[in-house]
Amino acid sequence: MNISPLQVQRLKYVPKLPGMLRHGINEICVKEGEETSSVADQEKIKALFPNTYGKKEITFEKGVNTSAAKKQVVGVILSGGQAPGGHNVVCGLYDALKATNPENVLYGFKGGPSGLLEDNYLVFDDEYIDQFRNTGGFDIIGSGRTKLETEEQFAVAAEVCKKHEITAIVIIGGDDSNTNAAVLAEYFAAHGTGVQVIGCPKTIDGDLKNEDIECSFGFDTATKTYSELIGNIERDANSAKKYWHFVKVMGRSASHVALECALETQPNICLISEEVAEKKMSLAQISDYIADSVAARAAKGMNFGVAIIPEGVVEFVPEFSALIKEINEMLAGSKADEFNALASWKEKYAFIQNGLSKESFGVFATLPETVQQQLFLERDPHGNVQVSLIESEKLFSALVKANLEERKKNGTYKGKFSPLHHFFGYEGRCAFPSNFDADYCYSLGYNAFMLIQYGYNGYLSKISNLSRPAEEWVAGGMPITKMMNMERRHGEDKPVIRKALVELDGKPFKYFEERRATWAVETCYTYPGAIQYYGPDEVCNLTTRTLALEKGMM
Ligand code: FBP
């Protein structure tokens with residue numbers, strides 16, 4: 001295999017574990033905490049998870065290891081979108097498993113949860129796993145978005161586990177995947193299979209967090225990668241002074257990624273979807289808000305700027321989300337086939353005009369044709385609109401352009417507006433993990449094995465105190481049911497992990513809010529540069545601004 005000089009060096013990097021996991025496997029004991037209850041809908045969640053609900057939070061500490069010395073055969077699954085550090089979760093899991101007993105076995109189910117159902121796997125050994133240490137990507141076994149949710153699927157999963165004598169499954173995923181992990185754990189417990197299920201919190205979106213989980217892995221590296229690129233664009237904009245850059249960044253619904261990038265780079269504009277929803281902003285109001293900045297800067301001779309657009313924003317604009325809802329209903333059942341069978345866009349357009357309410361069609365008609373067509377792309381397996389495929393950066397620049405033309409007509413704007421468009425998403429999901437993510441992920445995997453060894457089921461691997469040096473991190477576990485509530489999904493009430501959106505009264509947003517009016521009209525750009533892996537601590541072991549602000553470190 002051809003590998004880059006950086007990869008050669010990264011393969012040698014030794015990830016840092018929390019102090020309490022550094023004593024050697026035989027000196028890690030459990031301290032049990034309080035019994036837990038779900039964040040909401042306690043009675044309903046309890047009834048749905050009679051075997052796994054209400055268990056105690058736990059932390060690991062130095063002491064005599066009292067876990068059962070049985071042989072462990074563990075299966076690991078990478079689920080959903082890639083996030084930097086996934087390989088290190090697998091490496092940490094493997095190292096703890098082998099350090100405990102060289103006879104232990106780690107299976108990797110390929111291509112996401114479907115690998116478990118199809119019994120498609122590989123068995124890890126040192127030679128194979130060593131090529132992936134501290135690298136980005138999920139190519140070690142691949143990932144997928146198959147939803148594990150039906151009784152039939154669970155029965156197949158139980159059969160596959162029985163066939164390989166699997167004692168535990170580790171699911172590395174986001175909120176949906178860890179919801180599935182909890183349901184699978186309950187099924188295994190209810191059917192007396194003896195198979196444990198442990199989850200690990202992954203997603204670059206940063207929306208799997210709560211009072212226990214300080215951040216999901218991958219958020220740190222992905223936002224640093226995007227911020228480097230945005231900083232470079234800002235410097236280019238400030239050099240040439242002739243373009244307005246509209247940069248869409250990933251984050252399916254929450255705007256944590258956009259906010260973190262704004263905190264890192266101080267652009268002229270950053271939309272925050274949660275605020276758009278809270279203030280019920282219309283497309284016209286948003287374009288007015290951006291156009292105000294363009295006009296104010298133009299009046300000072302600055303016909304350039306940078307605007308960050310979170311990819312999920314369209315679903316938070318009330319008129320737009322109403323439109324998406326109507327489209328979903330319009331295409332329900334066999335209607336989708338009928339629509340897809342229409343040969344031309346003209347025929348499809350007439351079908352849409354007939355199917356939508358007057359209000360929604362009014363919104364639809366104002367959109368650029370490319371965006372209109374993107375609204376009809378296939379939904380993901382969870383029924384979500386694939387917002388990464390909607391070019392909202394082009395949508396907003398088109399709306400701003402139209403707005404500025406009106407201003408030109410009434411003499412309130414005399415500048416030049418030349419927009420350029422970028423989308424930063426996939427670029428950041430497989431970057432070499434930052435030292436933070438390399439350490440955090442390795443610790444999550446190592447810790448997941450300790451939870452298995454101590455017999456826990458339906459738990460999430462938890463590493464906290466993350467704004468401090470790794471030595472001070474705290475390792476433990478929490479029942480996944482603690483994070484759950486009931487939500488309406490596809491017309492049914494379902495138990496799901498509550499998604500963490502940007503809190504408008506939280507410190508990261510407040511910090512941004514206090515400064516954004518100045519950033520909108522002045523040029524206050526900051527240039528974070530590339531992730532540093534080697535060198536002084538203050539550039540190599542930086543946490544995100546979001547975490548630093550949340551923990552009162554900034
Ligand atoms: P996860 O929630 O599975 O981690 O994925 C998040 C994400 O990266 C979003 O930011 C993005 O909208 C989506 O995945 C893209 O999905 P896909 O990889 O299927 O195109």
Side-chain angles (χ1 to χ4, degrees), residues 77-87 89 111-114 136-139 141-149 171-181 199-210 213 215-227 229 247-261 271-274 308-316 324 374-375 377-393 422-431 433 437 440-441 444 460 483 489 496-502:
I77 298 170
L78 288 162
S79 181
Q82 285 67 252
H87 287 167
V89 182
S114 62
F138 277 7
D139 43 325
I141 43 174
S143 186
R145 291 199 184 274
T146 301
K147 215 167 157 24
L148 287 181
E149 58 179 350
I171 297 183
I172 303 170
D175 54 338
D176 283 333
S177 308
N178 278 298
T179 293
N180 299 342
C200 286
K202 170 234 72 166
T203 178
I204 63 152
D205 291 2
D207 54 10
L208 175 48
K209 66 173 178 181
N210 46 52
I213 303 300
C215 73
S216 54
F217 80 75
F219 178 71
D220 185 87
T221 310
T223 53
K224 285 188 166 86
T225 306
Y226 305 145
S227 298
L229 298 173
V247 184
K248 181 175 82 164
V249 292
M250 263 190 180
R252 190 204 309 281
S253 38
S255 300
H256 299 291
V257 172
L259 180 56
E260 172 63 20
C261 292
L271 300 181
I272 301 295
S273 308
E274 291 80 349
I308 300 180
I309 315 286
E311 69 170 358
V313 70
V314 285
E315 287 196 293
F316 286 73
I324 291 175
Q374 285 155 5
L375 284 173
L377 294 172
E378 209 185 310
R379 300 323 190 221
D380 80 0
H382 300 279
N384 302 312
V385 172
Q386 301 199 59
V387 281
S388 61
L389 304 180
I390 297 180
E391 294 176 315
S392 41
E393 70 284 19
H422 315 264
F423 170 34
F424 298 146
Y426 299 96
E427 294 79 351
R429 298 200 312 182
C430 286
D437 269 330
Y440 181 37
C441 291
L444 283 170
L460 198 70
M483 302 187 288
R489 298 275 170 100
V496 293
I497 292 176
R498 184 186 271 176
K499 214 185 247 312
L501 299 178
V502 169

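Counting convention: from 1, in listed order, for ligands and their atoms alike. Not measured: the values here are computed from a predicted model.
One finds the CG atom of D176 at 11.5 Å from the CG atom of L148 (value rounded to the nearest 0.5 Å). Atom CZ of R252 is separated from atom CD1 of I204 by 10.0 Å, given to the nearest 0.5 angstrom.
Under the 3.5 Å distance criterion, with hydrogens and angles disregarded, a donor-acceptor pair is assigned to the side chains of E274 and S255.
F138 and H87 have tilted rings, their planes meeting at an angle from 30° to 60° on a 0 to 90° scale. Between Y426 and F423, the ring planes lie perpendicular to each other; the angle is over 60°, past the 30° to 60° tilted range.
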At less than 3.5 Å, what protein N or O atoms come close to the N or O atoms of ligand 1? Include the distances to 0.1 Å.
from     : atom 1 : to   : atom 2 : distance (Å)
ligand 1 : 2 (O)  : T203 : OG1    : 3.4
ligand 1 : 3 (O)  : G81  : N      : 2.8
ligand 1 : 3 (O)  : R145 : NH1    : 3.0
ligand 1 : 3 (O)  : K202 : NZ     : 3.2
ligand 1 : 4 (O)  : K202 : NZ     : 3.0
ligand 1 : 4 (O)  : T203 : OG1    : 2.9
ligand 1 : 5 (O)  : R145 : NH2    : 3.2
ligand 1 : 8 (O)  : R429 : NH1    : 2.9
ligand 1 : 10 (O) : D205 : OD1    : 2.6
ligand 1 : 10 (O) : D205 : OD2    : 3.4
ligand 1 : 10 (O) : G251 : N      : 3.4
ligand 1 : 10 (O) : E311 : OE2    : 3.3
ligand 1 : 12 (O) : E311 : OE2    : 2.5
ligand 1 : 14 (O) : R145 : NH2    : 2.9
ligand 1 : 14 (O) : R429 : NH1    : 3.2
ligand 1 : 16 (O) : R145 : NH2    : 3.0
ligand 1 : 18 (O) : R429 : NH1    : 3.0
ligand 1 : 18 (O) : R429 : NH2    : 2.9
ligand 1 : 19 (O) : R145 : NE     : 3.0
ligand 1 : 20 (O) : Y426 : OH     : 2.6

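Contact check for Y226 versus M250: side-chain heavy atoms found under the 4.5 Å cut-off.
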